[in-house]
4 protein chains.
Amino acid sequence: MPSSPHIQATPHTRQRRKQARPQELLDAALHMFVERGFASTRMEEVAALAGVSKGTLYLYYPSKEELLKAVIRERLSNEIEAGALEVERHVGTHAELLRDVLANWWLRVYDNPASGVFKLIIAEVRGFPEIAEYYFREVVEPGSKLIGGVLQRGIAAGEFRPVNVDATVQTLVLPMVMLCLLKHSLGACAPVTSLVEPGDFMNHHVALVLGGLLAAPAKVAKGKSKP
Amino acid sequence: MPSSPHIQATPHTRQRRKQARPQELLDAALHMFVERGFASTRMEEVAALAGVSKGTLYLYYPSKEELLKAVIRERLSNEIEAGALEVERHVGTHAELLRDVLANWWLRVYDNPASGVFKLIIAEVRGFPEIAEYYFREVVEPGSKLIGGVLQRGIAAGEFRPVNVDATVQTLVLPMVMLCLLKHSLGACAPVTSLVEPGDFMNHHVALVLGGLLAAPAKVAKGKSKP
Amino acid sequence: MPSSPHIQATPHTRQRRKQARPQELLDAALHMFVERGFASTRMEEVAALAGVSKGTLYLYYPSKEELLKAVIRERLSNEIEAGALEVERHVGTHAELLRDVLANWWLRVYDNPASGVFKLIIAEVRGFPEIAEYYFREVVEPGSKLIGGVLQRGIAAGEFRPVNVDATVQTLVLPMVMLCLLKHSLGACAPVTSLVEPGDFMNHHVALVLGGLLAAPAKVAKGKSKP
Amino acid sequence: MPSSPHIQATPHTRQRRKQARPQELLDAALHMFVERGFASTRMEEVAALAGVSKGTLYLYYPSKEELLKAVIRERLSNEIEAGALEVERHVGTHAELLRDVLANWWLRVYDNPASGVFKLIIAEVRGFPEIAEYYFREVVEPGSKLIGGVLQRGIAAGEFRPVNVDATVQTLVLPMVMLCLLKHSLGACAPVTSLVEPGDFMNHHVALVLGGLLAAPAKVAKGKSKP
DNA sequence: AATGAATGAGGGTTCATTCAT
DNA sequence: AATGAATGAACCCTCATTCAT
């Protein structure tokens, strides 16, 4: 940020570009890596998509590997930040909270280039164990704790049945991640007509699992009580 | 074929190898492609793992691409065959049938190189749309119909609630596929300690979803009076 | 271009090379292809002879085949251009014209890398039918028309006997082409001592054929009474 | 030749093949080498064309190079033998002798696989200087002497003008060799329509050169004597 | 800072040659 | 003698990376 008091909201083209470059390069790299895979993407393709020359790419990232790591880190750290804010500001039942947390994550991620990061990680992580470690520590564990915490408190409150928390987290979350993967693999090739529309699926999925999760009384509300 | 009772099960070295080669090569290729990715695997590595020279590989598969396709086709067609036999031979409630079908699939696939095929498909399919089409037509659709059929009949029998069948199939199946992916990506890097053990997860997962799936009466036994 | 009188004929190193490269590469390729044959020449050898690395070659020509085609096209189109200018600017008898056209062609071609193109074409054309077609359309036919035209006009003027024009063209031209071939094959191996020196041969060859070509009167001077 | 008195004109199949093999292999090799070039021909193609397996080829010729040399030597030695018989048995004028020698050579060679050997030599000889030396010593020199001798004697007899013998040999012979080359290169690709038919050409070619060669009186016979 | 020409190590593929059967 | 499976050296081509401009 320039020290001058005149906040230069949109600096002149050259300046603006220079500032925006890193992000544009990361965006281009994410797009190409997800579409063609890391090894099959040429640095020149990334550069071309970002509208710069091959050499320029190397001014910002010293190697292809570092570019990959930067791409993943940048997207994930954004996610982490956004996810952390979610839980506190909610009121209502734990079921509502769960629904909201998952739905918001979905809204934020699925129709967003960020969804591609999952494919990147699944596909490339074995070549970069440091990314595995980072991803696990910064995303999987905090995320599990977030969802798991809601479940735990719901159980304690008698709202949920006393399920295995970790397993339930996976039942809830893995299909969502899987849909992100499908979007960027099969979904990009075949007209995956027979699959449910992702938005619809989410609603049904959470409702279905909540059906198995809620303590019995919840069902009574639906007027299905017998005799 | 010799009519003598001494079945010459193992013809002499050269012959025996010739027969066994294709499978050995496919196994080696699957292993390497899953571990390192298609593009990053060198043909020489595949050959070395199979214990032959680079040239020999080309006696059996005319290119790296054809090797990939052969790997995927062979594993999938095996799966398809095995899967098709599953449903008929079961008796019991639809819930039991569902549990059995999923559990058997799991036993057959998870602790087996076949589980790697999912990673291959997710990671590489965009470069080979024909594989996408094949996978969709021969695996996704038949598989969905198999599980979906059980659900449908369970609903018709009043055993299951009238859920969205396709969405429920995904809630049931996607986490299983996702665990296969994780096994061959994150799971192969970090000691994924905080994740539930896959066998345990399966039991809990199916039970949980069945909980949301079964018509109310089943739950009545657990019925608690509402405060 | 600078208006200063100091014409910067040779821009600085990088630039200058960039401009000169294609020709240098074509020269090197012609040399190697003629010396070792197309299939036996390694791209690296061409590059080395041109003083660049293997990769650089591919910046200018996308494949070995395209390099071959470019080599042939470049040399031939130069020849064609030069040949077209030949006929108009001559005066004198048709015999003199014929002698001059052939002698000039010979001077231009024989002691020149261009002579190697004939060997390239004879040796490689079956693998590249498009080159055959190009060579025929752009070189053989126009060349035949050029020489044939002179003959035709000489015949019409009563200077030449009424010979078969096409056949005579071949009697005149084929030995010249053949000498080019020999220079780059046998001539490059054995000290072809017993062959006539090519310059001498040309003079004698044209004189000899003209001897058979000219209408009788020219010979009368030598006329000897029949016994 | 078997010492047994029963001349076994056509030994039984197996035997016959075994005896005929070397020639069949050489024929196949010549065909392929001429059509595709030495370097681009695969040993397996030669074997296939001869109807044997790759391994068998190596039972007869220890390497590809030796096969090439055998191909060339065999064809050339046949030619040499045939050519040597030509001159003695002729009577008539030297012009007639010349015409006959060239015409017979032409009949024996042009419509015969042997014509391909010239292409082989032009194309490949630089890689095999020994072949050059052999070809020069056994073919070029004897052949030149043969034709040159006829010319010399014709000159001595006053039938021919006192031309440069070596140069005239080339004017006579090179177009013939060149037509053999064209047959196997351009002629095999493009429909070489504008070229004279080779048989016609030969007649005209020899007549034309003889026209320049014969001492004047010969022309008188054609009734062109000027008053 | 930006460019893109140049490099050269690397990998897919071919094929002459070998050798067990 | 004949086969054809196996080998591995060789070669075309690609592309991450460097560096002069």
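Chain naming here is simple, since letters A, B, ... match the order of the sequence lines and numbering starts at 1 in each. What's counted below: heavy atoms across the whole structure, side chains too, no hydrogens, waters or symmetry copies.
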* Structure fact -> Of C/G55 and D/R42, the one whose closest nucleotide on DNA chain E sits nearer the 5' end is C/G55
* Contact summary for D/L30 and D/P113, nearest pair of heavy atoms -> CD2-O, 3.5 Å
* Under 4.0 Å between any heavy atoms, over every strand shown, what does B/Y60 touch: base, sugar-phosphate, or nothing? Just pick one. => sugar-phosphate
* To do: On DNA chain F, check which nucleotide each of D/L59 and B/V52 is closest to and give me the residue with the more 5' one.
  => D/L59
* Asked: Between atom OH in B/Y61 and atom P in E/dT14, what is the gap in whole Å?
  -> 17 Å
* Asked: What nucleotide among F/dA6, E/dT17, E/dT13 has an atom nearest to a side-chain atom of D/Y58?
  -> E/dT17
* **Rounded interatomic separation in angstrom, taking CD from D/E65 and P from E/dC15** => 17 Å
* Asked: CD of C/E66 versus C1' of F/dC13: gap in Å, rounded?
  -> 14 Å
* Are the ring centres of A/F128 and A/F38 closer than 6.0 Å? -> yes
* Asked: Does the E/dG10 base have a donor-acceptor partner in the side chain of C/K54 within less than 3.5 Å?
  -> yes
* Asked: Can you tell me how far P of E/dC15 sits from CG of D/L67, to the nearest Å?
  -> 16 Å
* To do: Taking only Lys NZ, Arg NE, NH1 and NH2, and the carboxylate oxygens of Asp or Glu, determine whether B/E45 and B/R36 approach each other closer than 4.0 Å.
  => yes
* Asked: Using 4.0 Å as the upper bound for N to carboxylate O, is an ion pair formed by B/K69 and B/E130?
  -> yes
* Looking at every strand, decide which applies to B/T41 at a 4.0 Å heavy-atom threshold: base, sugar-phosphate, or nothing. => sugar-phosphate
* To do: Find which nucleotide of DNA chain F each of D/S53 and C/M43 is nearest to by heavy atoms, and output the residue with the more 5' nucleotide.
  => D/S53
* Watson-Crick or G-U wobble mate for F/dT21, both contacts under 3.5 Å -> E/dA2
* Asked: Which nucleotide in the set E/dT17, E/dA1, F/dT7 lies at the smallest distance from any side-chain heavy atom of D/S63?
  -> E/dT17
* Whole-Å distance between E/dT17 P and D/L68 CG? -> 12 Å
* Asked: Closer to the 5' end of DNA chain E via nearest nucleotide, is it C/L57 or B/E44?
  -> C/L57
* Does A/K64 get its side chain close enough to the base of F/dT17, under 3.5 Å, for a donor-acceptor pair? -> no
* Asked: Quick one: A/M32 CE to F/dA16 C1', roughly how many Å, whole number?
  -> 16 Å
* Asked: Distance check: side-chain N/O of D/R21 vs OP1/OP2 of F/dA1, anything under 4.0 Å?
  -> no
* Asked: In the structure shown, which nucleotide is the Watson-Crick or G-U wobble counterpart of F/dC15, with both distances under 3.5 Å?
  -> E/dG8
* Applying side chain to side chain contact (heavy atoms under 4.5 Å, CB included), run through B/R42 and B/K64 and close with a yes or a no. => CA-CA 9 Å; B/R42 284 165 29 217; B/K64 201 181 178 189; over 6 Å; no
